[in-house]
Amino acid sequence: MVKPLKIAVLGSSKGSNMQSILDAIEAGTLDAQVVCAIADVPDAYILERARRAGIPAHYLSAAPFKTKLDGEAEQAYIHLMKSHGADTVALAGFMRIVKAQLLHAFPHRVLNIHPALLPAFPGVHGWTQALDYGAKVAGCTVHFVDSGMDTGPIIVQRAVPVMEGDTPETLHARIQAEEHLAYPQALQWLAEGRLQVKGRRVEIRTG
Ligand code: GRF
């Protein structure tokens, strides 16, 4: 049975993944509503995209921390997302580690997209890490978020080749094209109740 998701998107930058989620909703391939977009950077373009789509868009400071969402800031994020009726959190280029309070507020409902084939190249700029390492294959991963950095159970991965002459920009663009397919797909499986987490493994039940 499909239960449409009420998604809060958290981002820090361009918001192309949020756009892919909105496009999939519009196309009828994702049963969901984006109820709000929140950024920890005041001029993040994700907020502009949200406004243009008529979605409540908020800048919410995560100070005093630099790389995590914790303490009172985390409480404020939870409160704001709940006030919009969110039941699912999609991290989309959100450059902070979320902590236990937020994970407990949305149990098994916090997802992240990472621009590498985890567990390889966690952390920032996964595509540059792959290129510098000399990997021949790169890609993206959608996973449930746990308390580690890019360590939660994997839902879906999509691979791309690393080409001769790739720059960080060309490789990232190739990976992002796959991200824009992977994230709506993972969310639709969640809406359909098809994802079952068993330890580290996510089973995807057939329809
Ligand atoms: C994506 O590459 C995503 O994998 C990473 O940050 C980037 C965000 O891009 N976590 P956008 O803001 O969705 O365009």
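Both counts, for ligands and for their atoms, begin at 1 and track the order of listing. Quick caveat: nothing in here was measured; it's all calculated off a predicted structure.
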task: Give a yes/no verdict on whether any heavy atom in Gln19 is under 4.0 Å from an atom of ligand 1.
output: no

- line: If you scan protein heavy atoms around atom 14 (O) of ligand 1, the nearest is Ser16 OG, 2.5 Å

message: Can you tell me which portion of His172 lies within the under-4.0 Å heavy-atom range of ligand 1? Options are side chain, backbone, both, or neither.
response: side chain

- prompt: Heavy atoms, side chains only, cut-off 4.5 Å: are Val202 and His143 in contact?
  reply: no

task: May I ask whether Ser13 places a heavy atom under 4.0 Å from ligand 1?
output: yes

- prompt: Looking at ligand 1, does Ile113 have a heavy atom less than 4.0 Å from it?
  reply: yes

field: Options Asn17, Ile46, Val142, Thr141, ranked by nearest heavy atom to atom 13 (O) of ligand 1, top entry
entry: Asn17

- prompt: Do Thr67 and Arg96 have side-chain heavy atoms sitting under 4.5 Å apart?
  reply: no

query: Relative to the heavy atoms of Lys14, which atoms of ligand 1 are at a distance of less than 4.0 Å?
result: 12 (O), 14 (O)

field: Side chains of Pro168 and Leu131 in contact at under 4.5 Å (non-hydrogen atoms)
entry: yes

- request: Indicate, with yes or no, if Ile7 and Leu22 share a hydrophobic cluster defined by side-chain heavy-atom contacts under 4.5 Å among Ile, Leu, Val, Met, Phe, Trp and Tyr.
  value: yes

message: Can you classify the ring geometry of Tyr77 versus Phe94 as parallel (below 30°), tilted (30 to 60°) or perpendicular (above 60°)?
response: tilted

field: Closest approach of any protein heavy atom to atom 5 (C) of ligand 1, naming residue and atom
entry: Pro115 CD, 3.8 Å

- prompt: Salt-bridged, Glu178 to Arg174, with N to O below 4.0 Å?
  reply: no

query: How far is atom 1 (C) of ligand 1 from its nearest protein heavy atom, and which residue and atom name does that atom have?
result: Glu179 OE1, 3.3 Å

- prompt: Nearest protein heavy atom to atom 12 (O) of ligand 1, by residue and atom, and its distance?
  reply: Gly15 N, 2.7 Å

- prompt: Do we see a donor-acceptor contact under 3.5 Å between the side chains of Gln185 and Gln188?
  reply: no

message: What protein heavy atom lies closest to atom 6 (O) of ligand 1? Include the residue and the distance to one decimal.
response: Gly93 CA, 3.4 Å

field: Distance-minimising heavy-atom pair for Glu74 and Val98
entry: OE2-C, 4.4 Å

Protein heavy-atom partner closest to atom 9 (O) of ligand 1 - residue, atom, separation in Å: Gln176 NE2, 3.2 Å

